[in-house]
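Here's the structure we're looking at; comments come further down.
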Amino acid sequence: MQDDPKTLVSTDWLAAHLNDPDLRIIDASWHMPDAGRDARAEYDAAHIPAARFFDIDAISDKRSALPHMAPPVEMFISRMRAMGIGDGHQMVIYDNSDVHSAFRVWWTMRLMGKTDVAVLDGGFAKWRAEGRPVEDMPPVMRDRHITVQRQAGLVRDVTQVAAASKLGDHQIIDARSPDRFRGETPEPRAGLRSGHIPGSRNLPWPRLFNADGTMVDTDALRARFDAAGVDLTQPAITTCGSGVTAAILSMALERLGHRTHSLYDGSWTEWGSFADLNIATGDA
């Protein structure tokens with residue numbers, strides 16, 4: 001993999017830049033509600049030196065009943081300033097999560113207009129497996145001014161996705177497992193119907209990773225999208241269960257040079273809860 005400080009960087013790259021004064025490392029670990037894990041407690045016990053903890057559930061839109069929706073600009077600014085993250089910083093985001101939650105925070109940063117931001121390829125597991133340094137001390141954080149320009153084109157709401165589904169003018173790509181996509185298994189969140197957005201394609205996010213948790217190369221990414229029946233000449237909308245793993249697809253599209261992609265923030269948690277929205281079952 002070629003290191004790209006706007007998408008993915010390797011553990012070697014981060015180790016070489018660990019002491020750069022304008023580097024900010026973010027632990028974006030998040031776990032599914034039934035995982036029985038406490039991301040903050042795990043961060044407190046061990047993290048990459050000087051990493052800040054980004055709480056995906058806390059830094060979210062509290063006006064919404066849906067889980068961890070993208071935060072309002074004002075909240076994002078205040079939380080980032082308090083974490084000592086601001087203009088002129090190169091950010092590297094990692095996670096210690098089974099669902100690769102760092103990609104969600106990468107997408108959130110992009111939504112807010114921050115482009116000098118990369119995900120650590122392979123995450124905390126690869127960093128630790130290589131015997132690299134960790135610590136349990138909280139970082140020293142100094143307030144830093146941050147400028148935000150929200151990129152509205154990177155996010156879609158239910159009305160926009162319903163229109164795209166009806167018109168067929170976007171490729172809607174679902175990162176959930178095949179059995180959930182086909183409607184063959186109950187959703188993990190209570191009260192949701194089973195199935196998928198009509199017209200969407202299924203590309204389960206685990207297919208985009210190697211055994212060591214690194215993302216497959218761009219040739220393999222393109223092959224995975226092709227195999228899923230995705231037309232990469234069209235604009236894309238990524239979706240999943242609650243907007244976390246959809247960001248993995250968004251990163252993959254970005255790595256492929258596909259610039260017209262957006263993420264359906266409400267994802268199936270929203271779509272599956274509305275009885276008046278059509279659903280499809282079976283294969284795409």
Cationic N near anionic O, under 4.0 Å, [X] to [Y]:
| X | Y | answer |
| --- | --- | --- |
| R189 | D34 | no |
| E74 | R79 | no |
| D4 | K6 | no |
| D143 | R81 | yes |
| R182 | D283 | yes |
| D217 | R222 | no |

Regarding [X] and [Y], is there a side-chain donor-to-acceptor distance under 3.5 Å anywhere?
| X | Y | result |
| --- | --- | --- |
| S242 | T269 | no |
| E270 | Y264 | yes |
| T7 | E254 | no |
| H68 | D57 | yes |

Open item on the list: Measuring centre to centre across the rings, with the benzene-like ring taken for any Trp, is F53 within less than 6.0 Å of H47?
Closed with: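 No: the rings miss the under 6.0 Å criterion.
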Open item on the list: Once you measure the plane-to-plane angle for H258 and H261, does it fall in the parallel (<30°), tilted (30-60°) or perpendicular (>60°) bin?
Closed with: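 Correct class here is tilted.
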Task: Geometric class of the F103/F209 ring pair [parallel <30°, tilted 30-60°, perpendicular >60°] - done: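 The arrangement is perpendicular - the two ring planes meet at more than 60°.
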Task: Minimal non-hydrogen separation, W268 against I279, with atom names - done: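 Looking at all heavy atoms of both residues, the closest pair is CH2-CG2, 3.5 Å.
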Taking the side chain as every heavy atom from C-beta outward, state whether [X] and [Y] have any atom pair closer than 4.5 Å.
| X | Y | answer |
| --- | --- | --- |
| W107 | V155 | yes |
| R201 | D174 | no |
| V92 | L23 | yes |
| M141 | R52 | yes |
| R24 | D116 | no |

Okay, side chain of [X], backbone of [Y]: is any donor-acceptor separation there less than 3.5 Å?
| X | Y | result |
| --- | --- | --- |
| D265 | G243 | no |
| R142 | A82 | no |
| D20 | D22 | no |

Task: Intermediate values then yes/no, side-chain hydrogen bond (donor to acceptor under 3.5 Å, both in side chains), D12 and S10 - done: CA-CA 5 Å; D12 284 342; S10 65; 5.0 Å; no
Task: Option from V244, I93, I248 for which side-chain contact (heavy atoms from CB on, under 4.5 Å) with S101 holds - done: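 That would be V244; it is the only one of V244, I93, I248 passing the side-chain contact (heavy atoms from CB on, under 4.5 Å) with S101.
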Task: Quiz item: cation-pi between R104 and W30, 6.0 Å / 45° - done: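 Ring-cation test returns no.
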